[in-house]
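One structure is given here, and the rest of the page talks about it.
Computation of the quantities below employed the complete heavy-atom set of this structure, encompassing side-chain atoms and omitting hydrogens, waters and symmetry-equivalent molecules.
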Amino acid sequence: MRDFLSVLNSEQYDAVTHEGSPLLILAGAGSGKTRVITTKIAYLIKEKNVDPYSILAVTFTKKAANEMYERAIQIEEKAKYSQIKTFHSFGAWFLRMYGDVIDIPSNFTVYDDDDMVTLITKSTVGLTRQQASHYAHKISLAKDYCYGPDDLMLDEIDSDQNFRLVYRAYEKRLRSTGNVDFGDLIMLPVKILTENNLIRQRLLQRFRVIMVDEYQDSNVAQFKLLESLSGYGSNLSENPAYVCVVGDDDQSIYKFRGAEVKNILNFKSIFPNTKIIRLEKNYRSKSEILAVADDIVKNNNDRLGKKLSAERGNGKLPVLAFLPNQDEEAKFCADLIEQTHEMGIPYNEWAILYRTNAQSLSFESEFLKRRIPYTVVGSLKFYEREEIKDLLAFLALIVNSKDEIAFRRIINKPTRGIGATTQEKIINSARNEGIYDFVKYAKEHCESFSKKTSESIKSFVLMMENFYKTITEELKPLETPKKLSVLIDEICENSGLKEYHAADDEISGTQRVLNMQELSNSASLYDCTTEGLLAFLDHIELDRTLEKPEEENIDKVTLITLHNTKGLEFKRVVITGMELGIFPRQDKTGEDLEEERRLCYVGVTRAQNELYMTSCASRRMYGRTEFVLPSTFLKEINKDNLRILGHIPSSFKSNTEFHGGDYGKNGLSHPTFDDPIKEKYKVGTNVFHDEYGSGVVVNSVYSEENEVVITIQFENNSRKKFLPKYQENSLLVIKE
């Protein structure tokens with residue numbers, strides 16, 4: 001056996017040396033798939049004398065393609081002559097070679113999303129840029145399925161006839177420019193290969209080995225490209241290419257980008273005589289973590305099936321912590337990180353995972369208070385996000401109509417027909433007259449502008465006045481005080497910001513509306529008064545001033561969405577927000593629910609040494625506190641595979657076979673970390689009771705109902721037992 005093959009395990013070796021029939025490598029998380037695909041490229045060249053010029057290997061990101069290329073040539077230098085590319089870079093190469101047969105010049109450029117939007121506004125008169133963005137997203141999705149503007153199946157994307165008309169006009173305008181968009185880089189090569197037998201045969205002779213990495217992320221157009229290039233499908237060749245795809249059906253989590261899990265599930269039926277090799281030896285996680293991952297994902301019906309085994313052996317039981325609310329969730333995570341850091345564990349060994357970007361706010365606030373360094377991966381920090389800055393600008397202008405920066409940001413956002421020239425005239429004229437109340441000046445001088453602009457200014461001023469009334473109107477007798485979230489919700493709806501950012505969410509797959517809702521949730525702790533608004537803005541400003549400039553290579557906790565963790569690994573992982581309605585979302589059923597379950601599997605398998613999951617009893621949602629149920633995924637886990645902390649909800653307890661206070665293999669006791677009630681009233685804590693006076697906690701245990709019971713020795717020598725969960729209001733903790 002050659003040295004470069006000796007490092008492979010038996011399944012990896014079988015995958016690398018397989019030849020003849022099509023090959024599907026089901027590569028589980030942490031199973032060394034990159035090693036397999038790069039070693040296979042080198043093996044074919046070095047040991048089987050395959051011409052490197054005849055090998056095509058494609059993946060999805062430039063980073064992954066570069067890694068494949070570099071690792072392959074480390075083993076066999078001749079691999080540099082192979083085509084190792086992303087799908088889209090291969091499509092661009094193909095069109096520069098053969099695009100002339102459909103009148104695509106070789107000197108084309110590729111239009112990005114913004115270019116598409118601009119071209120749509122030019123090709124269909126009367127569309128706003130926001131409407132054009134909506135259609136650009138739909139057109140890109142259609143091209144992922146190889147649907148043209150006249151395709152009968154286009155109604156699957158959008159049955160609105162206007163969409164077909166806009167698509168047709170856009171395509172005509174695009175073709176006249178001689179350029180292409182990203183969707184064309186896959187769809188047009190498929191079109192050429194399907195319609196031109198000569199080119200199809202030429203490519204089949206050229207590429208005798210075709211390999212695809214991360215195959216579970218492929219869309220329909222990419223599948224058709226593979227089918228056409230390899231000589232399979234409706235144009236079955238007598239001598240098809242050798243096809244090898246590497247992927248994991250359990251990690252298909254990008255349906256919103258067009259990925260189709262059925263590509264991997266149906267591979268065997270499309271490519272006859274397929275050999276399936278499963279890579280099930282995991283080199284990343286401890287066995288207890290993999291047991292939890294398997295408990296969850298095995299509930300999916302649409303999967304080919306495999307079970308990972310841990311090459312790193314046994315470790316700690318994963319922890320499931322039930323917590324009262326999201327504030328305690330953030331404190332729990334901060335406690336974990338601080339206590340381990342005191343033991344010498346770096347911050348960068350920790351990752352906090354969540355389903356939506358909006359959930360980062362509570363962790364950012366808590367970490368800033370405690371000076372725990374962190375980085376937000378894949379998105380801006382919460383207060384730096386465009387939609388949050390928009391809302392904060394409205395709030396700032398409500399309390400101070402002299403705030404020029406806030407005024408400039410939102411007077412014409414979303415577009416109200418108050419352009420830059422008008423804005424400058426209002427601001428400069430107000431300054432010249434010594435009037436710095438820009439809203440008041442705009443109201444008093446709006447008639448000096450054109451009729452259309454004047455109406456727009458009046459509308460803006462009226463809106464601002466209504467917002468101001470919301471926080472200044474007096475309460476009626478016995479009326480419950482409103483919370484500041486009412487004002488923020490009103491701004492979202494009446495300013496047009498919600499609709500504006502919702503359109504971007506649909507186009508870009510972002511979560512801006514959820515972020516706006518999370519700001520509203522955090523404001524629900526403040527009264528809807530001028531004082532409440534100022535206190536809220538002060539709180540936010542405190543968070544901001546606690547931030548330090550980013551430094552390279554600093555030791556930081558990672559805050560990251562579950563989707564962004566794909567391909568990453570961390571020594572210690574906390575998956576937060578494990579509640580029904582958060583993860584999974586309540587509207588997820590069928591195939592969508594199965595994808596959510598795969599996303600949970602991806603999150604769990606990011607953990608190398610330790611895994612924690614948190615579930616809250618209540619969460620601030622839609623401007624109010626709502627009680628929530630544990631995630632359905634938690635109920636799928638064998639409870640012997642978990643260490644459970646905190647007060648177990650009855651809805652969850654009914655799904656267990658446990659009794660009394662002994663939950664999980666090692667029970668509820670924890671040497672370092674515990675639930676927040678027990679931590680707050682730990683032995684030695686000084687307290688004050690309204691009736692009994694000062695005392696100290698001398699005992700803290702769990703009852704049979706899993707409630708924390710404390711015993712307090714008071715100064716009058718009496719001893720009393722309490723259930724602090726229900727008596728916190730009468731038990732004041734005295735800080736020394």
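Under 4.0 Å is where a charged nitrogen must lie from a carboxylate oxygen, and between E569 and R606 no such pair does. Between E288 and K316 there is no salt bridge, since none of the side-chain N atoms of the basic residue sits less than 4.0 Å from a carboxylate O of the acidic one. With respect to the salt-bridge test (charged N to carboxylate O, under 4.0 angstrom), the residues K262 and E591 qualify. Here D592 pairs with K255 in a salt bridge; the nearest charged N to carboxylate O distance falls below 4.0 Å.
Side-chain contact between N263 and K224 is absent, with no heavy atoms from C-beta onward closer than 4.5 Å. Residues T34 and E67 have side chains in contact (heavy-atom distance under 4.5 Å, counting atoms from C-beta outward). Using a 4.5 Å cut-off on side-chain heavy atoms (C-beta onward), I575 and Y354 make no contact. The shortest distance between side-chain heavy atoms of P189 and L95 falls below 4.5 Å. Annotation: side chain of M578 is in contact with side chain of C600 (closest heavy-atom distance under 4.5 Å). When side chains are defined from C-beta on, L353 does not count as touching T576, because their heavy atoms never get closer than 4.5 Å. In this structure the side chain of D295 reaches within 4.5 angstrom of the side chain of N641, judged on heavy atoms. Under the 4.5 Å side-chain criterion, counting only non-hydrogen atoms from C-beta, E329 is in contact with F363.
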Step by step, would you call E280 with K307 a salt bridge (charged side-chain N to carboxylate O under 4.0 Å, His left out)? CA-CA 6 Å; E280 297 177 304; K307 186 167 184 178; over 6 Å; no

From CA spacing to verdict: salt bridge (charged side-chain N to carboxylate O under 4.0 Å, His left out), R284, E311: CA-CA 8 Å; R284 176 186 299 153; E311 294 299 296; over 6 Å; no

Start with the C-alpha distance between E579 and R355, add both sets of side-chain angles, then the distance that settles side chain to side chain contact (heavy atoms under 4.5 Å, CB included), and finish with yes or no. CA-CA 10 Å; E579 300 124 33; R355 180 64 180 82; over 6 Å; no

Can you check side chain to side chain contact (heavy atoms under 4.5 Å, CB included) on Y374 and T558, steps first, answer last? CA-CA 6 Å; Y374 70 91; T558 298; over 6 Å; no

Stepwise side chain to side chain contact (heavy atoms under 4.5 Å, CB included) check, Y53 with Q83: CA-CA 7 Å; Y53 185 75; Q83 287 263 28; over 6 Å; no

Take T59 and E214 through the side-chain hydrogen bond (donor to acceptor under 3.5 Å, both in side chains) test and state the conclusion after the steps. CA-CA 6 Å; T59 187; E214 301 286 6; 6.0 Å; no

Could you walk me through whether L23 and K40 pass the side chain to side chain contact (heavy atoms under 4.5 Å, CB included) test, one step at a time? CA-CA 12 Å; L23 175 63; K40 191 172 183 72; 4.1 Å; yes

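Remark: the backbone N or O of L304 is paired with a side-chain donor or acceptor of D249 at under 3.5 angstrom. Between the N300 side chain and the R303 main chain, no donor and acceptor come within less than 3.5 Å of each other. In this structure, T86 contributes its side chain and F60 its backbone to no donor-acceptor pair below 3.5 Å. Without hydrogens or angle criteria, S228 side chain to L225 main chain gives no donor-acceptor distance under 3.5 Å. A donor-acceptor contact shorter than 3.5 Å is absent between the side chain of S82 and the backbone of I84. Checking side-chain atoms of N299 against main-chain N and O of I296 turns up a donor-acceptor pair under 3.5 Å. The main-chain N or O of N348 is found under 3.5 Å from a side-chain atom of D555 such that the two form a donor-acceptor pair. Proximity of a side-chain donor or acceptor of N9 to a complementary backbone N or O of Q12 within less than 3.5 Å is detected. A donor-acceptor pair under 3.5 Å is absent between the side-chain atoms of S615 and the main chain of F322, judged by distance alone. Side-chain atoms of Q205 do not come within 3.5 Å of backbone N or O of R202 as any donor-acceptor pair.
For the pairing with D250, the side-chain hydrogen bond (donor to acceptor under 3.5 Å, both in side chains) check across K306, R598, Q216, R597 returns one residue only, K306. Checking F271, Y242, F267, F223 one by one against Y232, the ring-ring contact (aromatic ring centres under 6.0 Å, His included) holds for a single residue, F271.
The two residues G247 and I264 make their nearest non-hydrogen contact at C-CD1, 3.8 Å. Closest approach of L279 and L308 over heavy atoms only: O-CD2, 4.0 Å. In terms of heavy-atom proximity, R585 sits nearest to T356 at NH2-CG2, 3.6 Å. C244 and I25 make their closest contact through SG-CD1, 3.8 Å (heavy atoms, listed as atom of the first residue, atom of the second, distance). Contact record, T194 with V190: OG1-O, 2.7 Å, taken as the closest heavy-atom pair. Nearest heavy-atom pair, S309 versus L290, reported as atom, atom and distance to 0.1 Å: C-CD1, 3.8 Å.
Inspection of the N282 and R312 side chains reveals no N or O donor paired with an N or O acceptor under 3.5 Å. Looking at Y612 and R572, their side chains never bring a donor and an acceptor atom within 3.5 Å of each other. There is a side-chain donor-acceptor pair under 3.5 Å between N564 and T561.
Separating the CD1 atom in I41 from the CD atom in E76 is a distance of 11.5 Å, to the nearest 0.5 Å. Note that the CZ atom of F207 and the CG atom of D51 stand 11.0 Å from one another [nearest 0.5 Å]. Rounded to the nearest 0.5 Å, atoms OG (S252) and CD (E595) are 5.5 Å apart. Summarising the geometry, atom CD belonging to E260 is positioned 10.0 Å from atom OH belonging to Y215; distances are rounded to the nearest 0.5 Å. The CG atom of L193 sits 11.0 Å away from the CD atom of E227 when rounded to the nearest 0.5 Å. Rounded to the nearest 0.5 angstrom, E349 CD and K571 NZ are separated by 5.0 Å.
Aromatic ring pairs are classed by plane angle as parallel below 30°, tilted from 30° to 60° and perpendicular above 60°; the pair Y347 and H341 is parallel. Using the six-membered ring where Trp is involved, Y43 and F4 have ring planes that are tilted, between 30° and 60° apart.
Dense packing is recorded around OH of Y283, with more than 12 heavy atoms of other residues, nucleotides or ligands lying under 6.0 Å away. The 12-atom threshold is exceeded at NZ of K281, counting heavy atoms of other residues, nucleotides or ligands nearer than 6.0 Å. For E77, the CD atom sits in a loose shell: 12 or fewer heavy atoms of surrounding residues, nucleotides or ligands are nearer than 6.0 Å. Counting heavy atoms of neighbouring residues, nucleotides and ligands inside a 6.0 Å radius, atom NZ of K78 does not exceed 12 of them. Heavy atoms of other residues, nucleotides or ligands lying less than 6.0 angstrom from CG of N273 number 12 at most. The number of heavy-atom neighbours closer than 6.0 Å to NZ of K275, taken from other residues, nucleotides and ligands shown, is 12 or below.
Ring pair H563/F256: centre-to-centre distance below 6.0 Å.
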